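It should be emphasised that the depicted structure is a prediction, and the values quoted were computed from it without experimental measurement.
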Amino acid sequence: YSATEVGEAMTYMGMAGWKTQDMIEGLPSILALASAGGTDLALTADIVTDGLTSMGLTAKDTDKFVDIMAATCSNANTNVELVGETLKYVGPVAGSLGIEMDDLSVAIGLMGNAGIKGSNAGTALRAGLTNLVKPTKQMKNAMEKYGVELVKNADGSVDLMGTMQNLRTVLGELDETTQAQALATIFGKEAMSGWSAVVNASEGDFNKLTEAIANSNGTAQS
């Protein structure tokens, strides 16, 4: 990359409040992600800094964040720009609920495999999480009827992986019509297709993506 390109990337880092040392430590990972994803360096820096901020993370989390993005893009049908677009919509909600980036990325990847990407995935995830956290009476009744549970960690944050596994177990066994009714009631007609992709992804695809993200350390560089 040219000095001009790196300078443009640093501009976005500075706009995100990064200090000199933050830039020195975070830039190698962003360079690697831009190379791996074939994306513009300044755009990649903008996506990463925005994503970190929305998830309540800091410059110190850059390496892990970038590796998770790289693993998601190389093991699911999506790319850096689309994941960044998804995070614009769901990142702030996920961050406020204490959801881990690796778990969120599994959901993003599974939706991407079903053709639900970018803002569509972001709005589906945002709406679904909001409904699970604060369901209407009708949603709550459906959750109780089918055994759908918002799984939480000991500190009260949302365990998205546990929640997805619960959904796959209790809704995955239903016939198609009943499952569609449950998804529509709990997640809403607009978001149900995205969550259906999570529920109905094959065990092989689910495990492959989960394992790739869990073992993503160094993925962007490699």
Q: Scan residues 55-75 for pairs that pass ring-ring contact (aromatic ring centres under 6.0 Å, His included), counting only residues two or more places apart or in two chains.
A: none
Q.
By the ring-ring contact (aromatic ring centres under 6.0 Å, His included) test, which pairs, at least two apart or in different chains, include something from residues 177-212?
A. Phe187-Trp195
Could you give all pairs that pass the salt bridge (Lys or Arg N to Asp or Glu O under 4.0 Å) test and reach [range], with sequence neighbours left out?
| range | value |
| --- | --- |
| residues 113-141 | none |
| residues 85-105 | Glu85-Lys88 |
| residues 61-77 | none |

Among the clusters formed by ILVMFWY side chains lying less than 4.5 Å apart, do [X] and [Y] turn up in the same one?
| X | Y | value |
| --- | --- | --- |
| Leu82 | Leu52 | no |
| Val90 | Leu132 | yes |
| Ile99 | Val133 | yes |
| Val48 | Val6 | yes |

Quick one: list whatever passes side-chain contact (heavy atoms from CB on, under 4.5 Å) with [X], sequence neighbours left out.
| X | answer |
| --- | --- |
| Thr4 | Ser2, Glu8 |
| Ala34 | Tyr1, Thr39, Leu41, Thr44 |
| Gln221 | Ala32 |
| Ala16 | Trp18, Thr49 |

Taking all heavy atoms of [X] and all of [Y], pick out the closest pair and write down the distance.
| X | Y | value |
| --- | --- | --- |
| Ala182 | Leu171 | CB-CD2, 3.9 Å |
| Asp40 | Leu43 | OD2-N, 2.9 Å |
| Ile47 | Glu81 | CD1-CA, 3.8 Å |
| Ile186 | Ala142 | CG1-CB, 3.9 Å |
| Gly172 | Gln179 | CA-NE2, 3.9 Å |
| Gly128 | Ala191 | N-CB, 4.5 Å |

Q: Please list all pairs passing the side-chain hydrogen bond (donor to acceptor under 3.5 Å, both in side chains) test where one or both residues lie in residues 209-218, with sequence neighbours left out.
A: none
Once you round to the nearest 0.5 Å, how far does [atom1] of [X] lie from [atom2] of [Y]?
| X | Y | atom1 | atom2 | answer |
| --- | --- | --- | --- | --- |
| Thr130 | Leu125 | OG1 | CG | 10.0 Å |
| Ser105 | Asn75 | OG | CG | 11.5 Å |
| Ile68 | Leu104 | CD1 | CG | 9.5 Å |
| Asn77 | Ile116 | CG | CD1 | 11.5 Å |
| Met69 | Ile213 | CE | CD1 | 11.0 Å |
| Tyr89 | Asn120 | OH | CG | 9.0 Å |

Q | Heavy-atom side-chain proximity of Asp22 to Thr62 below 4.5 angstrom | A | no
**Q.** Any side-chain heavy-atom pair of Leu27 and Met10 under 4.5 Å
**A.** yes
Q) Got a sec: does the CD of Glu190 have more than 12 other heavy atoms crowding it under 6.0 Å? A) no
Q. Is Tyr12 atom OH crowded by more than 12 heavy atoms from other residues, nucleotides or ligands, each under 6.0 Å away?
A. no
**Q.** Verdict with supporting geometry, Asp205 and Leu209, side-chain contact (heavy atoms from CB on, under 4.5 Å)
**A.** CA-CA 6 Å; Asp205 286 347; Leu209 184 58; over 6 Å; no
Indicate every side-chain donor-acceptor pair of residues 147-165 with a distance under 3.5 Å to a residue at least two apart or in another chain.
from	atom 1	to	atom 2	distance (Å)
Asn153	ND2	Ser157	OG	2.9
Asp155	OD1	Ser157	N	3.0
Asp155	OD1	Ser157	OG	2.6
Asp159	OD1	Met161	N	3.3
Asp159	OD1	Gly162	N	2.9
Thr163	OG1	Val151	N	3.0
Thr163	OG1	Asp159	O	2.8

Q. Does Gly118 offer a backbone N or O that forms a donor-acceptor pair with the side chain of Thr86 under 3.5 Å?
A. yes
Q.
Applying salt bridge (Lys or Arg N to Asp or Glu O under 4.0 Å), can you list everything that pairs with Glu203, at least two apart in sequence or on another chain?
A. Arg168
